[in-house]
Each structure stands twice: as structure tokens, then as C-alpha cells.
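In what follows, a single structure is set out as C-alpha cells and then discussed.
In listed order, ligands and their atoms are each counted from 1.
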Amino acid sequence: MGNQGITDLPMKIKLPEPKVAGKSMMEGILAKRRSVRNYSQRELSEPIISRFLWAAQGISSEEEFRTAPSAGALYPLEVHVVVGEVSGLEPGVYRYISEENALIRETSGDLRKKLAEAALSQLMIRNAPASLVITAVYPRITSKYGKRGIRYAYMEAGHASQNVYLLATELGIGTCAIGAFEDEEVRKVLKLPVNEEPLYIMPLGHLY
Ligand SMILES: Cc1cc2nc3c(=O)[nH]c(=O)nc-3n(C[C@H](O)[C@H](O)[C@H](O)COP(=O)(O)O)c2cc1C
């Protein structure tokens, strides 16, 4: 008698419509987020790049926690930016230092073409004014979690990438998560140390 109405049968429950046009800005942004592969030739600016770096891996609390969650707060990710046409930043490859909200230039010169070639010649990387490259330094996380730490680093790259997508949507800038590339070739372009692996390339460019 107490079991009345309870059944093990699969049951479909229709949920309320997403509030994409309501008061929640976030649901509207989620609905608008798309991978964009064509960008205007208009340059980006250093302050815009800085917003994306912070969205990916910026410090957002007094304890130095970051904008993307991290298993055990061990932060295995690094973010580099391959700069081509960005006002206020010379062409080159830069590494983001989260703790200082600063960039360190690692290589000079416009390496967008080389990065595009390393990514199976995906032209959007050559055409975008700049690309973020999210990498992982596994020992930072495998030292605590063993092999499972690799999985955690992949998950965290997803979080960081989604932050970039959502900010891009809000700012009217195009981006696309790119996972198809030759690891070794990207490693060479960025001069990455042996323990650092590229996970995502995210070109950034104005929509028009
Ligand atoms: C792990 C991963 C790897 C991806 N790699 C590429 C890629 O190499 N090139 C590309 O053009 N898009 C890539 N994408 C983007 C997907 O093609 C895109 O998310 C999908 O078509 C859905 O479109 P949407 O992002 O606009 O919703 C990748 C997406 C993910 C999650």
C-alpha cells in the first residue's frame, strides 16, 4: 500500500523550458555559446587577452583558488598565448603566470602559421589574431592522485576551456576548442618542457 505509484519502469519527465530569454544572463549565454571558426582580421587588444587568461586560470579568491575548479587545488594547467595581431603585445608566445596575473614572453615572432600547421593545418589558427594553448604538467597532480590525476587534468582543461567559451560569448568574440593536433609539433612551436603536454588550442578573434 505504501508503494502505491512507485514503479521501476523507465519514466520520462518533461522539464520546464530553459530560461534562455529570462532574467538569468547565464542561461542566455549558454544558449548562445557556439564554436566559431571564422574571425574578422581586426586585431585584438592586450586588455581583452588578459580577460581570457583570467577566465581560463585567473586567481579569484584570497586563498589563490582559480576561476576553474581543480582536484585538490593542485592546478596542473598552464595557459600560453600565441600572439599575432594584438595591440599592446608584440607577436610571440607568452606564458600566463596566474599568481601574478602577468605574462612572460617565451619566444618572439609570429608563430600562428606554425601552430596552425601543427594542428593539421586548421586555418582558423593562422587567421585568428591570437590563440590560447592550454597545457598540463601532470606530475603536479599525479604526485597525489597517481594515474587518475591524468583524468583530472583533462577534466580541468574542459572547465578552463568552457570559461573561455562563455566569456567569448559574452564579449562577442569567436573561439573554438581544438583538440586535433600533433602533440610533438605543438610542443616544438611552444618550446614546452618534456613534462608539459598541450591539451587544447583556442583561437580568439572578433566576429566581424
Ligand atoms: C575535445 C574537443 C575537441 C575538439 N576539436 C576540434 C578541432 O580540432 N577542430 C574544430 O574545428 N573543432 C573542434 N572541436 C569543436 C567541436 O567540433 C564542436 O564543439 C562541436 O561541433 C559542437 O559545436 P558547438 O561547440 O558550436 O556546440 C572540439 C571539441 C571538443 C570538445
Side-chain angles (χ1 to χ4, degrees), residues 15 17-21 24-42 44 48 51-53 55-57 66-71 75-85 93 96 111-138 141-142 147-190 192 196-208:
L15 297 169
E17 290 300 313
K19 295 189 187 305
V20 295
S24 158
M25 269 174 61
M26 185 49 78
E27 281 150 299
I29 287 173
L30 287 169
K32 274 196 235 133
R33 183 212 60 80
R34 286 277 76 84
S35 294
V36 177
R37 300 178 180 84
N38 290 306
Y39 316 109
S40 106
Q41 292 302 302
R42 215 153 41 94
L44 289 169
I48 291 281
R51 290 178 76 173
F52 281 101
L53 292 164
Q57 277 298 285
R66 298 188 187 177
T67 47
S70 177
Y75 301 111
L77 303 183
E78 294 278 323
V79 186
H80 304 256
V81 51
V82 174
V83 170
E85 288 165 283
V93 180
Y96 181 56
L111 292 171
R112 290 177 296 169
K113 188 165 172 280
K114 287 208 165 118
L115 186 64
E117 283 164 9
L120 320 180
S121 294
Q122 299 192 64
L123 287 182
M124 59 194 142
I125 298 173
R126 196 191 68 193
N127 296 338
S131 284
L132 301 184
V133 183
I134 300 173
T135 64
V137 181
Y138 296 119
I141 193 152
T142 51
K147 250 177 68 185
R148 202 170 184 82
I150 308 277
R151 177 197 294 216
Y152 290 165
Y154 294 161
M155 292 168 167
E156 293 181 29
H159 296 305
S161 161
Q162 185 75 356
N163 286 358
V164 169
Y165 262 116
L166 297 180
L167 181 63
T169 309
E170 192 202 315
L171 298 181
I173 282 175
T175 191
C176 179
I178 295 182
F181 50 76
E182 304 284 352
D183 293 351
E184 276 315 306
E185 296 306 312
V186 172
R187 209 193 283 276
K188 273 188 218 155
V189 176
L190 269 68
L192 296 179
E196 189 171 343
E197 184 169 273
L199 294 180
Y200 259 148
I201 301 173
M202 301 193 75
L204 296 169
H206 289 289
L207 299 181
Y208 43 83

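- Rounding to the nearest 0.5 angstrom, the gap separating the CD atom in Glu185 from the NZ atom in Lys114 is 11.0 Å.
- Across all non-hydrogen atoms, the minimal contact from Ala119 to Ile201 is CB-CD1, 4.1 Å.
- When all heavy atoms of Ala128 and Arg112 are compared, the closest pair comes out as O-NH1, 3.0 Å.
- Ranking the protein heavy atoms by distance from atom 29 (C) of ligand 1 puts Ala177 O, 3.8 Å first.
- Using a 4.5 Å heavy-atom cutoff, the side chains of Ile173 and Leu44 are in contact.
- Of the options Glu78, Glu196, Glu197, a side chain to side chain donor-acceptor pair (under 3.5 Å) to Thr135 is made by Glu196 and by none of the others.
- Within the listing of ligand 1, atoms 10 (C), 11 (O), 12 (N) sit less than 4.0 angstrom from a heavy atom of Cys176.
- Distances below 4.0 Å separate heavy atoms of Ala180 from the following atoms of ligand 1: 8 (O).
- The nearest heavy-atom contact from the protein to atom 19 (O) of ligand 1 is Ser35 OG, 3.4 Å.
- At the top of the distance list for atom 5 (N) of ligand 1, counting protein heavy atoms only, stands Gly179 N, 3.0 Å.
- The protein atom (non-hydrogen) at minimum distance from atom 11 (O) of ligand 1 is Arg37 NE, 2.7 Å.
- Of all atoms in ligand 1, listed by their number and element, those nearer than 4.0 Å to a heavy atom of Arg33 are 24 (P), 25 (O), 27 (O).
- Shown here for Ala56 and Val79, the closest heavy-atom pair between the two residues is CB-CG2, 4.1 Å.
- Closest to atom 9 (N) of ligand 1 among all protein heavy atoms lies Gln122 OE1, 2.8 Å.
- Note that the OH atom of Tyr200 and the CZ atom of Phe181 stand 9.5 Å from one another [nearest 0.5 Å].
- Looking only at protein heavy atoms, the nearest one to atom 30 (C) of ligand 1 is Tyr200 OH, 3.8 Å.
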